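Before any comments, here is the structure.
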Number of protein chains: 2
Amino acid sequence: MKDQSTEENILKAAISVFQKKGMAGARMQEIADEAKINKAMLHYYYKSKQKLFEAVFRQAFEKFAPHINQVFNSDKSVFEKITEFTDSYISFVMENPYLPNFLIQEINNNPEFADLFFGSEIAPNPLRFKKQIEDEIEMGILKPIDPKQLLLNLFSLTAFSFVGTGLVRGILNLDEKTFKSMMEERKILIPKLLINSIKK
Amino acid sequence: MKDQSTEENILKAAISVFQKKGMAGARMQEIADEAKINKAMLHYYYKSKQKLFEAVFRQAFEKFAPHINQVFNSDKSVFEKITEFTDSYISFVMENPYLPNFLIQEINNNPEFADLFFGSEIAPNPLRFKKQIEDEIEMGILKPIDPKQLLLNLFSLTAFSFVGTGLVRGILNLDEKTFKSMMEERKILIPKLLINSIKK
DNA sequence: AAATAGTTTAACCAAATGGTTAACAAATGT
DNA sequence: ACATTTGTTAACCATTTGGTTAAACTATTT
């Protein structure tokens with residue numbers, strides 16, 4: 001093999017382009033350019049735009065899922081899970097700013113395709129977490145709350161700022177520096193808000 | 001004029017298609033089909049895809065902005081604003097499920113274009129609200145908090161569920177009925193959570 | 001070194017897509 | 001009634017875009 005990293009370069013370029021522009025907006029030529037190879041190579045290594053997109057989607061989903069699974073499956077307390085998820089998720093997304101938006105967008109545009117992932121092994125399963133909440137309520141650690149609403153609050157508070165960056169920054173008139181420092185603040189602010197609202 | 005509602009029909013169809021598929025994914029033919037007219041009519045009333053898109057975007061922005069302005073400019077107390085925004089915004093979005101996602105997506109894809117709106121008359125301005133928060137802190141109604149973080153929390157908690165519907169429903173395993181009833185619950189849950197976290 | 005298998009490119013292709021044109025139809029003004 | 005403006009359509013056009021092909025080049029095997 002001339003260069004065993006060609007396939008890898010293609011995937012990297014595809015990730016970059018697909019995550020920024022989405023399936024519909026991405027152009028095979030642009031991916032080829034970014035990977036510095038001929039367009040035909042895309043089809044040599046990946047059969048089609050759809051297949052290449054699927055590789056990118058899979059990679060994104062597999063990178064994202066562990067953060068959720070940490071909340072769903074680890075042995076930490078609910079308080080610890082909230083604190084740790086917020087911190088690690090915000091750090092993660094600051095490194096991968098296009099990823100959550102990409103996942104959300106493509107799942108919305110393509111529900112049948114997305115269901116393939118939600119039915120799979122790597123798909124996070126909220127059952128254990130639900131049980132944990134019920135246990136901690138019974139133990140008198142937590143107020144009676146709906147686990148689903150708690151998760152929704154947690155995901156909303158951590159993810160929305162990044163998914164809606166443009167809108168948020170437009171409305172609140174934030175420059176990039178202010179935005180970033182606010183996100184750092186939120187690593188502490190969000191757990192405080194949530195824990196305070198559920199601890200007995 | 002043969003039918004004075006043709007232009008209106010086009011805009012309606014364009015709203016439907018653009019909001020679901022975005023600028024990149026929308027097809028002029030599909031808009032024409034949905035409006036039940038010839039494709040050439042699109043160019044007769046609106047010069048180009050870009051112009052048609054801009055009309056759709058403007059309409060969406062103008063529908064959305066008042067909800068924010070209600071928070072920024074009305075004379076209600078902070079507590080009332082939180083309660084009323086949550087209720088009216090969730091109701092609004094349940095009627096217009098594609099709108100927030102559309103705005104967010106196109107603003108992210110097209111920041112320069114979006115800045116045209118954030119600089120305009122209809123653009124919400126957070127200054128008065130910031131002042132109000134400072135006043136209410138001084139009056140001893142509110143704990144010392146950052147107005148921007150409060151707004152971010154409010155927007156996150158209300159909007160994210162809709163923007164990330166697919167992902168949220170996939171992860172939490174929610175059918176449409178459960179999702180909707182959760183959104184109704186959130187009209188009460190969110191103000192409670194937020195107000196409790198800021199009232200002195 | 002010759003044969004073989006794997007990699008890369010330039011040129012090409014068909015379909016899709018945004019947009020145009022020219023002719024026709026309907027309404028409106030005189 | 002007739003001319004003019006406005007609305008509508010079918011056919012067409014140029015470009016973009018995803019995808020293919022055949023030949024060339026490189027590495028590996030024998």
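Values reported hereafter were calculated over all heavy atoms of this structure, with side chains retained and with hydrogens, waters and symmetry mates removed. It should be emphasised that the depicted structure is a prediction, and the values quoted were computed from it without experimental measurement. Letters A, B, ... mirror the listed sequences (proteins, then strands); counts begin at 1.
For Thr6(A), no side-chain nitrogen or oxygen approaches OP1 or OP2 of dT7(C) to under 4.0 Å. Under 4.0 angstrom from either OP1 or OP2 of dT8(D) there lies at least one side-chain N or O belonging to Tyr45(B). For the OP1/OP2 pair of dT9(C) and a distance below 4.0 Å, the side-chain nitrogens and oxygens of Tyr44(A) include no atom meeting the criterion.
One can place NZ of Lys51(B) at 16 Å from P of dG18(C), the figure rounded to the nearest angstrom. The interatomic distance linking Ile10(B) (CD1) with dT9(D) (C1') rounds to 13 Å, in whole Å. Rounded to whole angstrom, the span from the OH atom of Tyr46(A) across to the P atom of dT7(C) amounts to 13 Å. Glu30(B) has its CD atom 10 Å from the P atom of dG18(C), to the nearest Å. Rounded to an integer number of Å, the gap from CE of Met41(A) to P of dA24(D) is 18 Å.
Remark: Glu62(A) pairs with no residue by the side-chain hydrogen bond (donor to acceptor under 3.5 Å, both in side chains) rule, at least two apart or across chains. Partners of Glu185(A) according to the side-chain hydrogen bond (donor to acceptor under 3.5 Å, both in side chains) rule, which considers only residues two or more places apart in sequence or in another chain, do not exist here. Annotation: side-chain contact (heavy atoms from CB on, under 4.5 Å) contacts of Asn110(B) (sequence neighbours excluded): Glu112(B), Phe113(B).
Here ring-ring contact (aromatic ring centres under 6.0 Å, His included) pairs that include residues 122-158 of chain A, with residues two or more places apart or in two chains, are Phe85(A)-Phe155(A). Evaluation of the salt bridge (Lys or Arg N to Asp or Glu O under 4.0 Å) test over residues 84-94 of chain B, restricted to residues two or more places apart or in two chains, returns Lys76(B)-Glu84(B).
A ring-centre distance under 6.0 Å is found for Phe18(A) and Phe53(A).
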Problem set entry | Nucleic acid footprint by protein, nucleotides 11-19 of chain D - heavy-atom cut-off 4.0 Å, B for base, S for sugar-phosphate alone | ------SBB
